[in-house]
Amino acid sequence: MRIVTWNVNSIKQRLPRLLALLDREAPDIVCLQETKCPDEAFPHEQLAERGYHAATYGQRAYNGVAVLSREAPLSLERGFTADPTPDEARLLTARYDALTVISAYVINGRAIGDPAYERKLAWLDALRAWIAGTFSPEEPLVLAGDFNVAPEARDVHDPAGWEGSIHFSEPERTRVRALLDWGFADLLRRHTTDGGIFTWWDYRAGAFHKGWGLRIDLILGTEPLAGRVEEVRVDRNERRPKAGEGAPSDHAPVIATLAD
DNA sequence: ATGTCACTTTACAAGTGA
């Protein structure tokens, strides 16, 4: 089984690259974030031609998440109980026979001390509480998406420079650890201990070219899935300006392969 | 720290969020 997560920064802008990725990787599950697309405008037809069902929770202009799958989900849930920002389309749960998949787009937070930063921490607290009250670590569950948090120093190109900044403050890292403590594994860390693996590079200042990246896109899985990890990699090529049709997202896809 | 991108609107330029 292959699971992908990708913050596409507009499904409309990234559709040619997404379709190419489906052809190239043949994933079973794809979690998308920042689709920036109302549900009725989602490109369902092009995806159906590739054999994918698209479960969507979108809105105009901002946010928006989706789960693509070869099999139609048994049920869907948009948002979660006690979401502090219920008007923002940031979380979608799709249930299948073999597993449950959550696609999440965590609040960016802008800067330490910004009201959005406090909302980010509260959102992650509420998410953990909902997961703990809804699921079991014994069941096959995936929580994948843009966490807007780099978990550890090895996930940051310049840890000393980033320490205490947005995406790499201790309160944010504590929230990610709380999810791991509940019973998730960071699937990439089941495959490799290497540092310097990044999933996001700022569009500005030539950050990608300079290697100024962070690993903030994660695929978390409970043990029934984490125990089956064969490989987890980042498709950095998707971040290159001329690698595909159209401009790149500022995020690269994360691709996990699990034993069947 | 900021050399961009995608989106929106009392739209052909400027503000916003990231």
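This structure is a prediction, so every number in the text was calculated from the model and none was measured. Just so we're on the same page: letters track the sequence lines, and every chain starts at 1. All values below come from the heavy atoms of this structure, side chains included, with hydrogens, waters and symmetry mates left out.
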So does [X] get a side-chain nitrogen or oxygen closer than 4.0 Å to the phosphate oxygens (OP1/OP2) of [N]?
| X | N | value |
| --- | --- | --- |
| Arg110(A) | dG17(B) | yes |
| Ser10(A) | dC7(B) | yes |
| Arg204(A) | dG17(B) | no |

Check the distance between [N]'s [atom2] and [X]'s [atom1] and give it to me in whole angstrom.
| X | N | atom1 | atom2 | answer |
| --- | --- | --- | --- | --- |
| Asn108(A) | dG17(B) | CG | C1' | 8 Å |
| Trp162(A) | dT2(B) | CH2 | C1' | 11 Å |
| Gln59(A) | dA6(B) | CD | P | 18 Å |
| Trp201(A) | dC5(B) | CH2 | P | 16 Å |
| Phe208(A) | dC5(B) | CZ | P | 14 Å |
| Gln13(A) | dA18(B) | CD | P | 18 Å |
| Glu88(A) | dT16(B) | CD | C1' | 13 Å |
| Arg14(A) | dC7(B) | CZ | P | 8 Å |

**OP:** Using the closest heavy atom to pick a nucleotide of DNA chain B for each, name whichever of Asn148(A) or Lys36(A) lands nearer the 5' end.
**Re:**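 Of the two residues, Lys36(A) wins.
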Task: Residue closer to the 5' end of DNA chain B, Ala116(A) versus Ala205(A) (nearest nucleotide) - done: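 The residue mapped nearer the 5' terminus is Ala205(A).
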How far, in whole Å, is [M] from [N] if one measures between their [atom1] atoms?
| N | M | atom1 | answer |
| --- | --- | --- | --- |
| dT10(B) | dG15(B) | C1' | 14 Å |
| dT2(B) | dG17(B) | C1' | 15 Å |
| dA11(B) | dC7(B) | C1' | 12 Å |

Q: With Arg173(A) as the cation and Phe168(A) as the aromatic partner, state whether NZ or CZ is under 6.0 Å from the six-membered ring centre and within 45° of the axis.
A: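 Arg173(A) over Phe168(A) ring: yes.
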Report yes or no: is the cationic atom of Lys120(A) (NZ for Lys, CZ for Arg) closer than 6.0 Å to the six-membered ring centre of Trp123(A), at no more than 45° off its axis?
->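 Because its charged atom misses either the 6.0 Å distance or the 45° angle limit, Lys120(A) does not stack over Trp123(A).
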Nearest of dA6(B), dT9(B), dT2(B) to any side-chain atom of Asp202(A)?
->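 Among the listed nucleotides, the one closest to the side chain of Asp202(A) is dT2(B).
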| query | Do Trp200(A) and His167(A) have ring centres separated by under 6.0 Å? | reply |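 That pair passes the under 6.0 Å test.
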Smallest separation among heavy atoms of Glu77(A) and Arg95(A), with atom names =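 Smallest heavy-atom distance, with atoms named: OE1-NH2, 4.5 Å.
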Heavy atoms only, 4.0 Å cut-off, all strands: where does Tyr105(A) land among base, sugar-phosphate and nothing?
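Contact class for Tyr105(A): sugar-phosphate only.
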Discussion item. Any donor-acceptor pair under 3.5 Å linking the side-chain atoms of Asp217(A) with those of Thr199(A)?
Written reply: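 Yes, because at least one side-chain N or O of Thr199(A) sits under 3.5 Å from a partner of the opposite role on Asp217(A).
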